[in-house]
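So that the names make sense, note that chain A is the first sequence line, chain B the second, and so on, each numbered from 1.
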Amino acid sequence: MLSNLDRKLLRDLNRMKGQVVAVALVMACGLAMLVMARSLIFSLESTRQEYYEAHRFAEVFAHLKRAPNALAARVAELPGVATAQAGIAVQVTLDLAGLDEPASGQVRSLPDFGPPELNRLFLRTGSWLAPGSRGELLVSEAFAEANQLHPGDQLAMLLNGRRKEFRIAGLVLSPEIIFEARPGASLPDNRTYGTFWMPYKEIATAFDLYGAFNYLTLTLAPGAQLRSVIAAVDRLLEPYGGRGAYGRADHPSHIRVSDEIRILQTLSIGFPIVFLSVAAFMTNAVLSRLLTLQREQIAILKAFGFANRQIVLHYLKFAFVMVVGGAVVGTLGGVALGHRLVVMYHLFFRFPDLYFRFDRSAVVLALGVGVGAALLGVLSAVRRAARLPPAEAMRPEPPASFRPALVERTGIGHLFSHSFRIAVRNLERRPAQALFTVAGLALATGILIVPNCFRDSVSELLGFQWDVVQRQDMNLGLVEPAGVQVRDLLRQLPGVIAVEPFRGAAARIRFGHRSRQIGIQGTPADTQHSRVVDAWYREIVLPSEGLVVSAKLAEVLAAKVGDELTVQFLEGRRPVRTVPLVGVSEDLTGIAAHMELRALNHLLGDGDVMNGASFTLDMARRREFLHALKQIPRVSWVGIKESLRDNFRQTTAASINLIQSIYLTFAIVVAFGVVYNNARISLAERARELATLRVIGFSEREVGAVLITELTILALIALPLGLLLGTGFANGIVSAVNTETVRLPVIFTLHNYAFATMVVVLASTISALLVLRRLKQLNLVSALKAPE
Amino acid sequence: METLTPQNLAAAGRPQVFHVRGLTKVYGMGAAEVHALAGVDLDLYAGELAVLLGPSGSGKTTLLNNLGGLDLPTAGELRYRDFDLTLASETELTRYRRDAVGFVFQFYNLIPSLTARENVALITEIARDPMPPEEALHMVNLGARLDHFPAQLSGGEQQRVAIARAIAKRPEVLLCDEPTGALDVRTGIVVLEAIERVNRELGTLTVVITHNAVMAGMADRVIHFSDGRVQHEHRNPTRAPASSLNW
Ligand SMILES: Nc1ncnc2c1ncn2[C@@H]1O[C@H](COP(=O)(O)OP(=O)(O)O)[C@@H](O)[C@H]1O
Ligand SMILES: [Mg+2]
């Protein structure tokens, strides 16, 4: 049976349900985020792991120019190698009937008979290639979906310059392209880039590679050292144009999933910390107030022989009810949100079956963290209750000593109304209380800054990428490097306003014992297209020799301006050069290295060559231009800024908006919760005083004015503090989302601050109105009765 | 009139419950020092109804708090039977209050969120040998008000609930601090009747504090208190029934 002390607990809870619910909700927001993020991490990690295992994802990858198949057997015999699989991977240009712009992609070989050893495919629809078939291929699901292609449809591509029609046998997924984007591109564009698989015989014949391979993947034997295997493979492939083997940690698709997991990890810590500290704060406020009101009750319990332990437990239970409520709502909310967000991942990540997996340990964690937050908030208050000497508590609290407030003592006191005077004196008399209210309001304000800062930072990133850096309308890549006279040819195309050549060269850049594999971008010194800018967005003019690298790459290499870097080119004659680092550029996505075009060509020992061009176009003649472009066989790929932008808006931006709106909703809940809680507490604490004012003849308006004045003064102090606090939160959280693929600039806009201010002002006004309504119901007689 | 000396009482076979010698309690320090108790000598015996009479501020509440284990003296002897209260630990004091003492305060101090019955049951739950809460409430004539909340009861009724709460655990000692202080004469008398009945029927040592000299009539023994010490005491040959008092 329920003990009578627990019965008191239930009735106290019921009487304070508004505040209990407010605290539980705030806690629920933090815990929902925790449960959601942890479950998504669990879903992604375990799904990826299972996918990798079931489909035998390789552990080392290497591209090379061409090697005889016999070499693959030698690789397989290297110590530490478990399985090696040789095949072909080539870039192709597509001719899609429904698409204006040229699309491109990569074709990979499949064994002519039987499934591959490694990187096995998952068949989504259609059928596998028939043994010994010709004119058939498999298409990556993302590309097929974006272009509405189905099994049985025809697809035309240029194989080594020859146009050929293929029938789509099936749509597939591969553990190698969970995230699929053109190499070097930071955003996916599934319409214009895809991956295709056809039998070895067919693709090898088309590219004159029969009996040879240019792509090698392998798995490691248990206990093998990744570094030494890579080194051994590199040595073996070097004479065959090896481009440098790399492990999963450098695999573009693997990195992107890992990055997402890392971002989730940051969020699963950052947001809950902020929310739960607010909840701890509110729990403290609610309990402190309860203890103040129940001073005498505590004394009575003690006088009648209740032990401290029992009393402490009683009040802890009060807090735990809020925690359990918050944990239940938070878990349910987190699971619901997780289900929604996991669907969003289908836009970026292709798994055979990615569904929401509930991380049970997250609930335990949530409960633990919730209890921790509550304990933190409650402990000091409850300890105070335990320490309260019973005899002391029976004495009525001495009347508070008041004195004229500071502002009044300045000599302008006569200017103030009674209401204002009472309000100011009251605030000055209980500075701790006022401080707590200010802190609560400030936290509520601060929490609102974070999600909008996220949104602004993403849009700054895009603005940087597409407006500051990439001024061109379009990029184009050539199949092979060509003389710069191609540029004159390109300039003749309809609608072209300006053309600039560029060259990308694969290289490994080394400094000390650190190195990264990267495509060095060569552009004209006076480029108007792919600009290189410094941290203040000022243009860096590329000098006639030396490398400019992005800040992130400099950081990864631990190199600074003036250092000599070793550049080992992975194409052409594969020269190894020492190049000075002459500048550091700003780049918010990926890592980058820039060089003046002629200097790059010179380093490579080539004449004036280019392997791509960028365009400024007359957009009115865009179709005409693209149509003409399709006729040029040497074009390997095309990237149109507008299409990328549109595509981004429909996918990534939509999902960022979803996440941002979830966080914003939570922040608004918290802001309202805190403000409402504060207003209720101040009303409850002052009920007697306010009733007295009414009794001695103050009008309802005047009494209301006292409360409103107090709240307004506190809000005016809290708002700027809150904006400052939020700036700190956002700085911490947003800059923690800093990976090699994306670095969000931390951006604060006036709009962000104005929005936070507006929400808090609105919440305060509504809370104040609610409290004013309660003021009307204030029972003058009972409020003046002897203390309960 | 026969004076009732401790020796007489002891001779009458009533065991001594409290033994107080030279009890002092000092609040504050230096200039702000207040000697609330300035050397109290007092013995209290089982079953008697003692009225402690003294002006406001004379230290009555302080003495009661010390007797009840709510507060500790600065110096002096204070024993409950063989138990030295001055040496007791916090846990022992809690035990003592739980088992031996019932309090009644001027402002009732009921738990507002619990009904009359629940307020009493709250205490009987932790007591060693309690009576049913209903029985305690019947004793103070509140059998018809079991399920009312404090806010639904008059002051006198609330005070009787407080008495029921105090006696339901069958304490050895009932300590009442100005139990009628917040009440008018008529309700005050009803409350005193309840106290009188408890003392008579349960044989509880009862100490009633008051600054109202009229109440001295209902006592076995009247202890005059001022300036933090016992000035003198006298015994009433017969106890006047509470119903006959008037002020
Ligand atoms: N906690 C305390 N701190 C300081 N002074 C106290 C405290 N409790 C009582 N006093 C002082 O001790 C004296 C006796 O108080 P009290 O025992 O309450 O008197 P009574 O109950 O007879 O009115 C008074 O002067 C009072 O101000
Ligand atoms: Mg007193």
Side-chain angles (χ1 to χ4, degrees), chain A residues 1-17 20 290-291 293-315 317-318 386-398 684 687-688 779 781-788, chain B residues 25 27 36 61-66 68-72 90-115 117-128 133 149-152 155 158 162 165-166 168-169 171 175 177 181-183:
Chain A
M1 219 198 78
L2 207 57
S3 85
N4 282 287
L5 206 55
D6 288 339
R7 202 165 285 169
K8 163 177 168 340
L9 179 77
L10 287 184
R11 298 208 179 123
D12 287 344
L13 281 167
N14 184 45
R15 203 160 39 85
M16 295 176 71
K17 56 182 173 285
V20 170
L290 187 67
L291 290 171
L293 287 182
Q294 302 199 341
R295 226 171 98 89
E296 283 103 0
Q297 297 186 32
I298 294 168
I300 272 295
L301 292 176
K302 288 190 175 183
F304 280 94
F306 277 86
N308 272 338
R309 187 175 36 81
Q310 289 170 298
I311 292 168
V312 166
L313 193 68
H314 174 64
Y315 286 100
K317 275 188 195 164
F318 190 95
R387 264 205 232 111
L388 196 71
E392 195 78 6
M394 296 313 298
R395 300 163 56 83
E397 270 196 275
R688 278 171 65 76
N779 185 335
V781 180
S782 73
L784 290 180
K785 259 195 188 165
E788 310 181 313
Chain B
K25 175 74 184 180
Y27 287 114
T61 298
T62 308
L63 176 61
L64 197 87
N65 286 345
N66 278 285
L70 289 178
D71 207 352
L72 287 174
E90 179 57 39
T91 321
E92 287 169 332
L93 282 179
T94 300
R95 183 95 249 155
Y96 165 65
R97 293 197 298 260
R98 178 182 298 194
D99 296 336
V101 190
F103 286 100
V104 176
F105 299 99
Q106 179 175 359
F107 293 114
Y108 337 130
N109 296 84
L110 299 176
I111 306 292
S113 53
L114 297 180
T115 63
R117 191 208 309 259
E118 289 162 354
N119 259 288
V120 178
L122 179 70
I123 307 304
T124 57
E125 265 171 21
I126 60 164
R128 243 183 351 200
F149 284 93
Q152 299 165 327
Q158 287 185 55
R165 178 178 64 181
K169 63 176 165 189
L175 301 175
D177 189 354
L183 302 173

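Residues A/Asp12 and B/Ser113 share a closest heavy-atom pair of OD1-OG, 3.6 Å. What you find for B/Arg97 and A/Lys302 is that their closest heavy atoms are NE-O, 2.6 Å. The two atoms that bring B/Gly102 and A/Phe304 nearest to each other are CA-CE2, 4.2 Å, heavy atoms only.
Although no hydrogens or angles enter the test, the distance criterion places no donor-acceptor pair under 3.5 Å between the side chain of A/Arg7 and the main chain of B/Leu114. Side chain of B/Glu125 to main chain of A/Asn4: a donor-acceptor pair is present (N/O by atom type, distance under 3.5 Å, no hydrogens or angles).
Proximity to chain A involves both the backbone and the side chain of B/Glu118, based on heavy atoms less than 4.5 angstrom apart. Both the backbone and the side chain of B/Ala166 come within less than 4.5 Å of a heavy atom in chain A. Contacts of A/Gln310 with chain B are made by side-chain atoms alone, with heavy-atom separations under 4.5 Å and no backbone atom involved. Neither the backbone nor the side chain of B/Arg95 comes within less than 4.5 Å of any heavy atom in chain A. Using a 4.5 Å cut-off between heavy atoms, B/Leu122 touches chain A through backbone and side chain atoms alike.
Separating the CG atom in A/Leu301 from the CD1 atom in B/Ile126 is a distance of 8.0 Å, to the nearest 0.5 Å. Annotation: the span from B/Ile111 atom CD1 to A/Arg11 atom CZ amounts to 12.0 Å, rounded to 0.5 Å.
Enclosure of atom CZ in A/Arg309 is not indicated, since only 12 or fewer non-hydrogen atoms of other residues, nucleotides or ligands lie within 6.0 angstrom.
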